[in-house]
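Step one of this worksheet: look at the structure below.
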Amino acid sequence: GTFRVAVAGFRESRIDRAVARFLQRLGQQTGIPFSNEAVSDPAQATLTIQCKAAGEPVQSMRADESYSLEVTRRSAQLSAPSPIGILRGLETVLQLVDLDDESFGLPVVRIDDHPRFVWRGLMIDVCRHWIPIEALKRNLDGMAAVKMNVFHWHLSEDQGFRIESKTFPKLQEMGSDGKYFTQDQVKEVLAYARDRGIRVVPEFDMPGHTTAWFVGYPELATAPGPYQIERDWGIFDPAMDPSKEKVYQFLDAFIGEMAKLFPDEYFHIGGDENNGKQWNASAGVQAFKKEHNIPDNHALQAYFNKRLLEILTKHGKKMIGWDEILHPDLPKSIIIQSWRGQASLAQAARQGFAGILSNGYYLDYMWTAARHYEADPLSKATANLNNEEKSRVLGGEACMWAEFVTPEDIDTRIWPRTAAIAERLWSPADVKDVKDMYRRLEAVSKDLDTIGLTHLSNRTRMLRRLAGDHPAGPVRILSDILEPVKEYNRPATQHYTSFTPLNRLVDATRPESKAARQFSLLVDQALAGGSGAKSNFQPLRDQLTRWRDNGARLDPIIADSFLLREAKSLSETVTAITGTGLQALDYLEAGKSAPEEWKKEQTSLLDRAKKPQAELLIMIVPALQKLVNAAAAAR
Ligand code: ACM
């Protein structure tokens with residue numbers, strides 16, 4: 001309780017607020033009440049903060065985020081050239097706080113830290129499903145905790161126009177179902193992000209992904225309309241008409257308004273997935289192409305982008321857009337955000353364009369943290385760039401597309417996996433020990449829960465909903481060995497729209513099964529010891545027995561819950577395959593070789609168990625197959 005912080009050196013209100021938040025967080029972590037105020041005399045302080053100079057009025061990617069932390073037996077000193085470095089260092093201090101058999105404490109350390117990449121972002125799509133301000137704020141807290149520095153705010157889509165325009169109010173009035181951010185709320189988010197050292201880059205996706213704009217302003221579209229807010233997921237035909245001067249007049253006024261609201265130097269114009277169908281069908285657009293010698297739709301989109309660039313430049317902004325905007329006609333001042341892979345990033349860098357990587361960081365793909373962790377902006381095609389070209393690769397962004405998330409479960413999809421991406425983008429390239437990443441990810445996940453992220457708590461709530469009046473424990477045990485189907489396989493099984501409830505077992509199931517990963521390690525360990533009495537199979541037996549017996553506990557819960565009915569055969573499959581695992585253990589413990597016929601039958605059972613059920617995958621199947629193979633080989 002006597003822990004005190006002093007602020008020496010350059011002082012600004014952002015640092016004072018950061019210190020108050022730090023002390024409050026330290027209190028949450030330890031349960032010890034601290035005074036939230038800094039002391040003026042460093043001699044009285046446990047932690048002294050020394051900031052060398054003021055930060056930029058508007059944070060840019062040139063911000064110096066470095067810091068040094070020195071913890072001695074008596075005190076700690078955090079120094080940084082800028083307030084942003086202080087923010088990063090305070091997060092490190094909070095990560096270092098731990099409890100031992102005597103007290104809470106910090107290790108005696110000296111840390112000199114700085115990021116590998118200047119652009120470490122998280123994109124949140126607030127359009128496919130509406131994601132309100134509270135959800136954004138807590139995710140900004142999460143970003144700050146893992147030292148991310150760009151919030152990319154995907155604000156317009158076919159399914160919703162999510163920001164108030166005072167110039168063109170029909171955008172939000174007719175394009176959002178009343179679910180949009182007022183400009184006051186936007187300012188609140190901007191201030192919140194700035195306080196945490198996070199830039200905010202707004203995205204207005206153009207010329208495709210624009211149906212919601214056209215509900216109120218059909219004259220912007222290539223085809224006449226009328227238009228309605230899109231309720232389905234996918235790629236749609238509506239696109240702005242690049243041949244109409246009034247489209248550019250509209251965009252000049254609209255972007256002018258938004259450029260004043262958002263202080264960041266970059267403005268994201270989207271540019272992805274314009275299928276060209278409306279352009280091909282329009283006599284006006286075809287005539288325009290002929291008249292201007294524009295050979296194809298990609299060149300036409302480059303023309304549109306050049307016009308957009310003039311507007312952005314007029315309003316003091318630089319352009320960033322998705323892969324598709326890459327075209328030699330555009331100046332080298334634009335940034336390419338690659339969702340398609342390192343190859344397009346490398347191509348861009350060779351042509352002189354800066355870029356960031358998002359391929360490999362799509363959170364909606366339901367990949368493991370390890371798979372995201374492996375994706376590196378400077379790997380594959382970009383690994384072969386020369387140093388100058390490599391310097392154009394600025395970093396990366398995790399992307400949370402929102403077709404299959406709601407405010408309730410969005411944190412379960414973002415966290416903790418995004419922490420692994422954040423580390424990839426901050427730490428040296430050779431920090432890549434996956435086992436150690438998982439150890440630290442576990443700690444970070446708990447910290448994120450303490451600061452208010454809902455990835456743990458809301459999952460518990462969703463499991464309780466599924467269980468109705470029954471205890472949720474058995475549902476959790478089942479869910480813990482499952483993962484949602486990967487990439488974009490969910491819509492393959494049923495037709496989803498923005499009205500489809502996301503309250504099923506698949507929604508309450510984590511993108512990555514820790515239980516299955518641990519089981520797989522346990523199987524590898526046990527099999528490394530060989531069969532017979534030499535090896536200890538008991539922990540595997542205990543685990544498989546718990547999973548098998550869970551089936552009988554789930555039966556009455558599933559019978560009473562319409563939401564869980566689809567999980568009945570899934571649960572039966574788990575009971576069957578855990579039985580297989582137990583039989584394999586019988587052979588292995590006895591040191592007897594299982595008959596080939598048995599192996600064939602069990603393998604066919606396991607193959608069937610690999611198929612998705614209720615949009616879920618049973619993740620213990622590969623480890624069980626290893627046990628079956630080992631049992632058949634044992635003697
Ligand atoms: C994208 O995934 N279409 C940017």
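Each ligand, and each atom within it, is numbered from 1 in the order the structure gives. Computation of the quantities below employed the complete heavy-atom set of this structure, encompassing side-chain atoms and omitting hydrogens, waters and symmetry-equivalent molecules.
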| query | Is the Tyr361-Trp367 ring centre distance short of 6.0 angstrom? | reply |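 Distance test on ring centres: not under 6.0 Å, no.
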Inspect the contact between [Y] and [X] and indicate whether a charged nitrogen and a carboxylate oxygen are less than 4.0 angstrom apart.
{"X": "Asp364", "Y": "Arg413", "result": "no"}
{"X": "Asp409", "Y": "Arg461", "result": "no"}
{"X": "Arg162", "Y": "Glu157", "result": "no"}

With respect to [X], determine whether any N or O atom, backbone or side chain, lies less than 3.5 Å from an N or O atom of ligand 1.
{"X": "Trp339", "result": "no"}
{"X": "Asp272", "result": "yes"}
{"X": "His209", "result": "no"}

| query | Which ligand 1 atoms does Tyr362 reach within 4.0 Å, using its non-hydrogen atoms? | reply |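 Listed by number with element, the hits are 1 (C), 2 (O), 4 (C).
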| task | Run the numbers for me: atoms of ligand 1, each under 4.0 Å from some heavy atom of Glu273, listed by number. | result |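 Numbered from 1, ligand 1 contributes 3 (N).
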| Is the count of non-hydrogen atoms from other residues, nucleotides or ligands lying under 6.0 Å from Lys277 atom NZ greater than 12? |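 Open.
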